[in-house]
Amino acid sequence: MRRVTYSMNVSLDGYIAGPDGEFNWTEPEPEVFRFWIDEIRQVDVHLLGRRLYETMLYWEDPEQEASFDDAEREWAALWNPLPKVVFSTTLSAVQGGARLASGGVAEEIERLKAEPGEGEIAIGGATLAAQAAAAGLIDEYRAMVYPVLVGGGIPFFPRDERRVDLELVETRTFASKIVYLSYRVRQDSETMSR
């Protein structure tokens with residue numbers, strides 16, 4: 001069965017965006033960007049909230065693409081055709097390989113899991129991930145931890161999250177001292193919490 005993963009850049013104090021919504025501290029250096037390129041190759045479909053969808057439209061902008069370096073062109077070549085499901089109550093249309101979700105997060109994930117496929121169902125965006133986590137649908141949490149304290153903002157984890165026991169799958173420290181952490185939800189706790 002396809003795994004559901006939640007991956008985001010996060011400050012050491014646990015935020016994906018600072019108090020004013022900024023995340024300029026997350027611009028990846030080349031080694032981290034290469035890591036994300038390799039990670040996206042494992043994804044079959046990406047679920048996004050409106051804000052992340054609008055941020056990621058940068059990669060589909062032909063005017064921006066003209067200035068891309070080789071790594072950025074490689075990312076765009078993987079990202080742009082990737083099927084995306086956008087959850088929004090304010091958008092009436094999306095572009096490229098995206099479609100608007102027709103139901104809730106749990107319904108969409110269950111439908112996607114029932115489809116054939118080997119790749120991951122990736123979730124981007126804390127609000128969307130919080131909804132999936134509340135339904136016990138996230139199989140793996142992945143955080144790229146940046147050495148910065150932003151003092152508040154949008155948390156990586158919802159503050160009302162129930163207890164979920166995790167097991168460490170992978171760690172990696174990059175030359176820039178950014179640390180990648182991957183944790184799988186332990187099956188025994190997942191079974192008990194449903």
Side-chain angles (χ1 to χ4, degrees), residues 2-86 94-98 117-129 132 138-151 153-157 168-184:
R2 298 162 80 181
R3 289 181 305 143
V4 177
T5 62
Y6 169 43
S7 303
M8 293 292 291
N9 295 324
V10 61
S11 65
L12 183 60
D13 55 349
Y15 297 96
I16 64 166
D20 297 325
E22 79 283 353
F23 52 90
N24 56 350
W25 43 270
T26 67
E27 187 167 326
E29 48 86 37
E31 185 184 18
V32 172
F33 194 59
R34 169 59 45 202
F35 178 86
W36 286 125
I37 290 171
D38 293 340
E39 285 288 300
I40 201 68
R41 292 179 195 281
Q42 309 305 313
V43 175
D44 271 356
V45 61
H46 207 289
L47 310 182
L48 305 96
R50 179 195 51 82
R51 283 183 289 207
L52 183 58
Y53 166 73
E54 289 174 341
T55 299
M56 296 302 287
L57 284 175
Y58 168 86
W59 296 104
E60 299 184 36
D61 183 346
E63 290 181 28
Q64 295 296 334
E65 192 172 343
S67 66
F68 288 171
D69 64 23
D70 289 344
E72 290 169 327
R73 276 192 290 281
E74 185 178 359
W75 169 266
L78 295 165
W79 177 258
N80 291 345
L82 181 68
K84 300 165 198 75
V85 180
V86 180
V94 291
Q95 62 188 45
E118 298 288 321
E120 298 170 357
I121 300 167
I123 297 177
T127 303
L128 193 59
I138 295 179
D139 299 307
E140 195 167 315
Y141 291 87
R142 299 173 179 167
M144 188 69 73
V145 182
Y146 281 72
V148 61
L149 303 174
V150 298
I154 301 170
F156 180 87
F157 293 106
L168 183 64
V169 175
E170 182 181 356
T171 64
R172 181 172 173 184
T173 302
F174 295 89
S176 59
K177 304 304 178 198
I178 295 168
V179 177
Y180 172 75
L181 302 168
S182 177
Y183 288 92
R184 183 177 304 127

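Owing to the predicted nature of the structure, the values given are computational and were not obtained by experimental measurement. Only this structure's heavy atoms are used, side chains among them; waters, hydrogens and symmetry mates stay out.
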(message) Using the salt bridge (Lys or Arg N to Asp or Glu O under 4.0 Å) criterion, which residues pair with Glu120? Sequence neighbours excluded.
(response) Arg3, Arg142
(request) Look up atom CD in Glu170 and atom CZ in Arg184, then write down how far apart they are to the nearest 0.5 Å. (result) 10.5 Å
(request) Find the distance between CD1 (Ile123) and OG1 (Thr5) and round it off to the nearest 0.5 Å. (result) 7.5 Å
(message) Main chain of Glu39, side chain of Gln42: is a donor-acceptor contact present, judged purely on distance under 3.5 Å?
(response) no
(message) Working note: Leu78 + Trp36, criterion side-chain contact (heavy atoms from CB on, under 4.5 Å); need CA distance, chi angles, decisive distance, verdict.
(response) CA-CA 11 Å; Leu78 295 165; Trp36 286 125; over 6 Å; no
(request) Can you sort out the partners of Phe35 under ring-ring contact (aromatic ring centres under 6.0 Å, His included), two or more places apart, ordered by chain and number? (result) Phe174, Tyr180
(request) Heavy atoms only: give me the nearest Asp44-Gly119 pair and the separation to one decimal. (result) OD2-N, 2.9 Å
(request) Using salt bridge (Lys or Arg N to Asp or Glu O under 4.0 Å) as the criterion, list what pairs up with Asp70, not counting sequence neighbours. (result) Arg73
(message) List the residues meeting side-chain hydrogen bond (donor to acceptor under 3.5 Å, both in side chains) with Glu54, not counting sequence neighbours, and say none if there are none.
(response) Arg50
(message) Does any part of the side chain of Thr127, heavy atoms only, come nearer than 4.5 Å to the side chain of Arg51, both counted from C-beta?
(response) yes
(message) Among residues at least two apart in sequence or on other chains, which ones pass side chain to side chain contact (heavy atoms under 4.5 Å, CB included) with Ala17?
(response) Ile154
(message) Rounded to the nearest 0.5 Å, what separates atom CG in Leu82 from atom CD1 in Ile40?
(response) 5.0 Å
(request) Can you see which heavy atom on Pro28 is nearest to which on Val32, and at what distance? (result) CB-CG1, 3.7 Å
(message) Any non-hydrogen side-chain atom of Ser182 less than 4.5 Å from a side-chain atom of Leu168?
(response) no
(request) Taking all heavy atoms of His46 and all of Gly124, pick out the closest pair and write down the distance. (result) CE1-N, 3.5 Å
(message) Could you work out, with side chain to side chain contact (heavy atoms under 4.5 Å, CB included) as the rule, every residue matching Val148, not counting sequence neighbours?
(response) Ser11, Trp25, Tyr146, Val150
(request) First locate atom CD of Glu118, then atom CZ of Arg2, and finally report the distance between them rounded to the nearest 0.5 Å. (result) 9.0 Å
(request) Fit a plane to each ring of Tyr141 and Tyr6, take the angle between them on a 0 to 90° scale, and name the class: parallel (under 30°), tilted (30 to 60°) or perpendicular (over 60°). (result) perpendicular
(message) According to side chain to side chain contact (heavy atoms under 4.5 Å, CB included), who are the partners of Leu181, at least two apart in sequence or on a separate chain?
(response) Val145, Thr171, Val179, Tyr183
(message) So, using salt bridge (Lys or Arg N to Asp or Glu O under 4.0 Å) as the criterion, who are the partners of Glu60 when residues are at least two apart?
(response) Lys84
(request) Look up atom CD1 in Ile121 and atom CG in Asp139, then write down how far apart they are to the nearest 0.5 Å. (result) 8.5 Å
(request) Not counting sequence neighbours, which residues clear side chain to side chain contact (heavy atoms under 4.5 Å, CB included) with Phe23? List them please. (result) Thr26, Thr55
(message) Filter on salt bridge (charged side-chain N to carboxylate O under 4.0 Å, His left out), then keep only pairs touching residues 13-33, sequence neighbours left out; what's left?
(response) Glu31-Arg172
(message) Under the ring-ring contact (aromatic ring centres under 6.0 Å, His included) test against Phe68, which residue among Trp75, Trp79, Tyr58 passes?
(response) Tyr58
(request) Would you name the heavy atoms of Pro81 and Ala76 that are closest together and state the gap between them? (result) CD-O, 4.0 Å
(message) Using 0.5 Å steps for rounding, measure from the CG atom of Asp61 to the CD atom of Gln95.
(response) 9.0 Å
(request) Taking all non-hydrogen atoms of both residues into account, name the closest pair between Ile138 and Ala132 and its distance. (result) CG1-CB, 3.9 Å
(request) Could I get the full list of ring-ring contact (aromatic ring centres under 6.0 Å, His included) partners for Tyr53, not counting sequence neighbours? (result) none
